Amino acid sequence: MKITADIIDPVAINGIGTSPLRKEDWPLVRGEGTFVADFKRPGMVHAFVVRSPLAHARFTSIDRTAVLASQGVLDVITAAELPDRGHKIPTRQFADEGSNRFLQRPLADGVVRYSGEPVAVVIADSRYRAEDAAELLDIDYERLEVVLEPDDAVAESAPLLQPDAGTNIAGRLLVEIGALDEAFAQADLVIKETFRIQRHAAVPLETRGLLAEYDTETESLTVWGAAKIPHVNRAILARMLGWSDESRVRMVELHVGGGFGARGEFYPEDFLIPFAAIRTGRPVAWVEDREENLRATNHSREQVHRVEMALKKDGTFLALKDSFINNTGAYVRTHGMTVPGLSVSMLPGPYKWPAYRGEFRSVVTNKTPGGTYRSPGRFEINFVRERLIDIAAHRLGIDTVDIRRRNLIDRASFPHDVGTLYDGHPVIYDSGDYELLLDKALAAFDYEGLKRWRREPATAGMRRGLGIGFFVEKAGPAEREYARVELNDRGDVVVYTGSASVGQGVETILAQVCVSHLGLPYDRVRVVHGDTAVIPEGMGAFGSRATMLGGAAVMRASEQLRKRLLDAAAEELEAAPADLMLTAAGVSVIGAPTRSVSLTNLLSASAGVITEEHRFVCDLLGFPYGIHFAAVEVDPASGAIHIHRYAVAYDIGRCVNPVLVGGQISGGFAQGIGGALLEEFSFDASGQPLSASFMDYLMPTSEEVPDVELLITEDAPSPLNPLGVKGAGEGGTAAVGAAIANAVSDALGTEVTRLPLSPQRVVELVGA
Amino acid sequence: MSRRIAVEINGRAVEGEVEPRLLLADFIRDNAGLTGTHLGCEHGVCGACTVQLDGHPVRSCLMFAVQAHGHRIATVEGMAPGDSSLHPLQQAFHECHALQCGFCTPGILMTMEAFLREEPDPTSERIRSALAGNLCRCTGYQNIITAVRLAADRLQNKGEAAVEAS
Ligand code: FES
Ligand code: FES
């Protein structure tokens with residue numbers, strides 16, 4: 001069914017393309033939000049997770065006696081208390097038998113492999129007491145040799161984390177496209193370089209937490225504090241508990257204080273806390289503290305790339321070759337090989353490459369296990385590729401914009417098959433016009449003016465530089481999404497979605513999509529998400545998929561509902577559906593308001609409520625794309641980098657809410673600044689984390705994050721979903737490392753090859 | 001060895017028997033039941049736990065409840081003049097999309113409310129530096145600075161002190 005735009009005016013009802021005030025804000029600004037630590041149940045007790053103080057050690061016994069005797073302690077759980085000593089936590093994507101040899105159990109059993117690994121859980125009547133008692137736990141650790149760096153992990157003599165596996169390589173993949181050797185043989189110039197990206201992570205401001213309660217009568221479990229993928233995690237939890245009927249588990253999302261990839265994955269605690277609730281028969285609450293969060297929640301990004309690029313004199317790209325190691329930490333977690341898999345399949349970026357060869361090895365080491373972080377695998381490879389291109393441009397004496405323009409994929413060749421696969425999904429750029437975006441961005445951001453600024457003399461001692469980073473992002477997949485739209489005879493609409501909220505504004509977005517296709521005003525719509533008891537299925541919120549898949553499902557369900565209503569009214573009013581208009585009061589004939597039927601009448605046959613559902617299916621990926629521009633002044637003496645201007649151009653196919661998209665980009669940009677300049681998990685030689693507090697793990701404050709200029713375009717709607725959207729969550733982060741590093745290289749006349757660009761590293765670069 | 005303390009929170013007298021080691025943040029959240037004050041780090045860096053003690057912003061994770069005995073505390077829950085209205089700062093945060101997940105918001109509101117009393121007409125740069133003690137992982141700060149500036153305008157124009165719910 002097609003709804004004509006003249007019937008539904010998106011501006012009047014706050015539909016797609018407008019920026020109504022968010023549905024989410026009211027309780028949050030009043031301090032009336034319910035985050036998991038705010039939620040309480042009668043009789044609730046508290047869990048404290050005892051973690052390994054060592055990065056690699058063997059132990060034979062854990063003595064619980066003193067802890068159990070402590071005041072207020074109800075229980076102490078070690079591996080010995082778990083059924084079968086604990087089942088391995090499965091991967092949920094991109095995994096194989098090889099990687100599954102490195103899965104984590106909920107509690108360490110005989111060997112700890114990273115500092116922060118859970119070894120026991122103490123349950124007590126207060127968090128303070130649980131923590132006190134935990135100090136009495138006696139474990140006979142005996143140190144083992146550690147391996148920390150990616151290159152060391154693959155060395156012949158490396159200590160093995162899982163000796164049975166006989167290797168530290170948890171996964172590897174080789175991609176070959178085109179005739180590589182021939183391409184290199186034709187090259188006028190070959191650039192060879194090694195790039196390193198440091199370990200950093202999502203670090204949402206709210207730490208993880210859970211509250212689990214077991215009802216002995218119904219033999220069912222409720223878990224509050226679910227996030228991101230409640231239905232997926234329900235299935236994993238039921239399976240680990242040995243329950244064949246997963247509807248015995250109810251997962252409930254409360255307010256969520258940011259996700260960015262890390263929150264909502266299935267961690268050891270996601271089994272341990274529900275298990276403790278069943279064992280003790282009491283509601284069990286657990287809230288991670290920041291020190292635990294920085295040691296235990298997924299890290300990301302640590303990669304070493306060895307790259308070669310072949311070019312002609314005129315700057316034409318001939319071939320790209322990359323072999324990289326991804327440090328996944330002590331275990332393979334739920335994401336399996338997702339991060340290196342995204343890196344290897346998306347390294348080619350927005351350019352034509354006659355030949356490409358990419359290879360990764362993902363290794364285990366004695367560091368915190370890893371997973372995704374906003375723009376996973378892409379923040380890393382955008383830095384690698386865009387830096388490499390600038391190095392080539394410098395050597396050939398070609399302008400950095402010109403060399404890119406010459407090699408961009410032509411607008412005529414979309415959909416463009418890169419030839420790579422991401423977890424079985426072909427990387428086919430669905431739509432795009434890269435050169436158009438480049439032209440628009442150069443004009444919108446006055447690139448000529450920036451170049452003049454670059455040439456002008458800087459203030460004493462400072463050096464100026466410009467950098468750009470061109471990138472392709474990806475959105476989706478996750479196969480399908482569910483939506484149900486319900487309308488009652490008072491004109492109130494409820495949208496149930498299988499997507500989840502991690503603080504990004506999904507209620508607002510989905511309400512806008514609904515009203516644009518239903519035709520009732522935004523104020524009338526309430527969005528319900530993240531409760532497996534009222535939503536039968538759902539794939540959640542990750543990979544910028546909530547708008548793309550969740551939105552498409554809501555759109556279809558809303559259209560169906562409107563059609564049903566108008567068809568029924570058409571019969572009643574003896575008019576064509578196209579001549580009718582829907583309001584919260586009822587349906588009337590356009591231009592003849594007295595010819596109308598009320599919702600009460602229309603819905604009387606269905607007890608005052610009608611409902612439509614839709615499952616939207618899309619197995620392909622969407623590919624938004626963009627360009628970052630950085631203009632910096634570097635102080636060679638102190639190593640400080642001052643960002644003079646920063647701008648992002650981003651084509652997202654279709655923009656549902658411009659203000660929210662702007663918020664996604666500036667927030668993503670701030671995280672990119674953290675990754676480019678500040679954030680780094682470092683470890684001492686024994687594997688002790690040196691960045692386990694906000695004093696040492698430096699996140700950007702308002703003083704480090706400049707305002708970002710935006711150009712949002714809708715020139716290449718996605719053909720893969722009826723909304724044309726591609727997801728806008730990650731492009732703000734994707735190329736910050738690339739653009740800043742290019743700008744700093746330009747300023748200093750030295751080639752940056754590793755992140756972050758901390759003041760100390762900048763001073764080293766100046767000296768080099 | 002608990003001690004009895006009496007404080008005033010948002011104009012209401014609150015008493016409690018507390019252990020000397022109980023953090024002020026936990027007292028506010030658990031004993032007084034005001035969970036709008038959040039804990040993001042418990043070591044004084046993120047500012048999410050900021051409340052006002054006798055009108056001055058303090059980090060409630062760095063104070064013990066007993067130290068607040070006899071003092072006046074203000075938390076985010078006391079900001080709005082009523083159930084259907086918002087404080088101009090809260091309203092400006094809503095209008096300017098100055099929050100996403102909202103976890104940092106209460107601490108930032110308490111910090112900025114005190115700041116605007118000290119400095120009713122700040123430049124964006126002054127706001128930026130006053131905000132530097134509060135971490136926000138979602139917004140990139142830009143919209144927060146805009147919102148504080150908008151609230152400053154409205155607060156100076158006294159007639160608009162409380163904004164009714166739209
Ligand atoms: S919780 Fe108090 S400053 Fe972070
Ligand atoms: S809005 Fe999420 S931390 Fe600030």
Side-chain angles (χ1 to χ4, degrees), chain A residues 19 21-22 24-35 37-40 127-128 202-207 255-260 287 289-291 501-505 659-660 662-671 673-674 693-695 699-708 732, chain B residues 19 21-22 26 29-30 33-46 48 75-80 83 86-87 89-91 93-106 109 124 127-145 165-166:
Chain A
S19 298
L21 296 186
R22 289 209 318 172
E24 292 85 349
D25 289 351
W26 190 264
L28 296 172
V29 293
R30 294 173 60 89
E32 292 164 356
T34 308
F35 294 88
D38 306 338
F39 191 68
K40 300 191 169 57
R127 159 89 189 203
Y128 286 69
V203 196
L205 198 60
E206 183 204 14
T207 57
H255 278 119
V256 175
F260 320 122
V287 176
D289 69 24
R290 184 55 66 185
E291 191 244 342
S501 168
V502 283
Q504 78 279 48
V659 167
L660 263 59
Q664 284 296 308
I665 293 175
S666 40
F669 164 64
Q671 293 181 327
I673 286 290
S693 82
F694 280 165
M695 258 91 83
M699 301 216 295
T701 73
S702 54
E703 308 241 62
E704 282 90 32
V705 186
D707 287 356
V708 51
Chain B
E19 280 188 58
R21 65 172 176 169
L22 185 77
D26 288 335
R29 291 175 49 81
D30 298 336
L34 296 169
T35 55
T37 299
H38 297 155
L39 288 165
C41 69
E42 293 178 272
H43 52 253
V45 178
C46 76
T75 72
V76 67
E77 288 92 340
M79 273 186 99
D83 283 348
L86 296 178
H87 182 279
L89 256 176
Q90 294 171 315
Q91 179 69 24
F93 270 55
H94 182 37
E95 287 175 26
C96 298
H97 187 33
L99 64 150
Q100 289 182 28
C101 78
F103 193 79
C104 66
T105 310
L109 288 170
S124 294
I127 299 171
R128 190 180 283 284
S129 63
L131 189 59
N134 290 77
L135 291 176
C136 172
R137 192 58 158 169
C138 299
T139 64
Y141 305 104
Q142 199 162 333
N143 291 347
I144 299 179
I145 293 167
S166 47

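The figures here come from the full heavy-atom set of this structure, side chains too, leaving out hydrogens, waters and symmetry mates. Only a predicted model underlies this, so the values are computations on that prediction, with no experimental measurement involved. Proteins come first, then strands; the chains are lettered A, B, ... in the order of their sequence lines, and each starts at number 1.
Interface residue A:E206: backbone and side-chain heavy atoms are both found under 4.5 Å from chain B. At a 4.5 Å heavy-atom cutoff, the contact between B:T139 and chain A is made by backbone atoms alone. Interface residue A:A37: backbone and side-chain heavy atoms are both found under 4.5 Å from chain B. There is no contact between A:I673 and chain B, counting heavy-atom distances below 4.5 Å. For B:D26, the part sitting under 4.5 Å from any heavy atom of chain A is the side chain, from C-beta outward, and nothing else. Interface remark: A:P27 contributes no atoms to any contact with chain B (heavy atom separation under 4.5 Å). Heavy atoms of A:V287 lying under 4.5 Å from chain B are absent altogether. Using a 4.5 Å cut-off between heavy atoms, B:H43 contacts chain A through both its backbone and its side chain.
Taking all atoms of both residues into account, the shortest heavy-atom contact from A:W26 to B:D83 is CZ2-O, 3.9 Å. In plain terms, the two heavy atoms of A:P706 and B:Q142 that are nearest each other are O-OE1, 4.4 Å.
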I would like to know whether B:V45 and A:M699 meet side chain to side chain contact (heavy atoms under 4.5 Å, CB included); could you show each step before the answer? CA-CA 10 Å; B:V45 178; A:M699 301 216 295; over 6 Å; no

Just do the side chain to side chain contact (heavy atoms under 4.5 Å, CB included) check on A:Y128 and B:L22 with the steps written out, would you? CA-CA 9 Å; A:Y128 286 69; B:L22 185 77; 3.7 Å; yes

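Side-chain contact between B:R29 and A:D38: present, with at least one pair of heavy atoms (C-beta onward) separated by less than 4.5 Å. A heavy-atom distance below 4.5 Å is found between the side chains of B:D30 and A:K40.
Of the residues considered (B:E77, B:H97, B:E42), B:H97 shows the highest number of contacts with chain A, using heavy-atom pairs under 4.5 Å. Interface summary for chain A: among B:C41, B:A48, B:G102, B:C136, the most heavy-atom pairs under 4.5 angstrom belong to B:C41. Across A:G33, A:A670, A:G667, the residue that shares the most heavy-atom pairs under 4.5 angstrom with chain B is A:G667. Ranked by heavy-atom pairs under 4.5 Å with chain B, the first of A:D707, A:V705, A:I665, A:V659 is A:D707. Taking chain A as the reference chain and counting heavy-atom pairs below 4.5 Å, the highest number among B:C101, B:C96, B:G140, B:S129 is found for B:C101.
Expressed to the nearest 0.5 Å, how far CZ of B:R137 lies from CG of A:L205 amounts to 9.0 Å. Atom SG of B:C138 and atom CD of A:Q664 lie 8.5 Å apart (nearest 0.5 Å). From A:F35, atom CZ reaches atom OG1 of B:T35 across 9.5 Å, with rounding to the nearest 0.5 Å. Considering CD of B:Q90 and CG of A:L28, their distance stands at 11.0 Å, rounded to 0.5 Å. Rounding to the nearest 0.5 angstrom, the gap separating the CD atom in B:Q100 from the CD atom in A:E24 is 10.0 Å. To the nearest 0.5 angstrom, A:R30 atom CZ is 12.0 Å from B:L109 atom CG.
A donor-acceptor pair under 3.5 Å links the side-chain atoms of A:R290 to the main chain of B:G40, judged by distance alone.
Applying the side-chain contact (heavy atoms from CB on, under 4.5 Å) rule to A:S702 yields the partners B:R128, B:L131, B:A132, B:Y141; only residues at least two apart in sequence or on another chain are considered.
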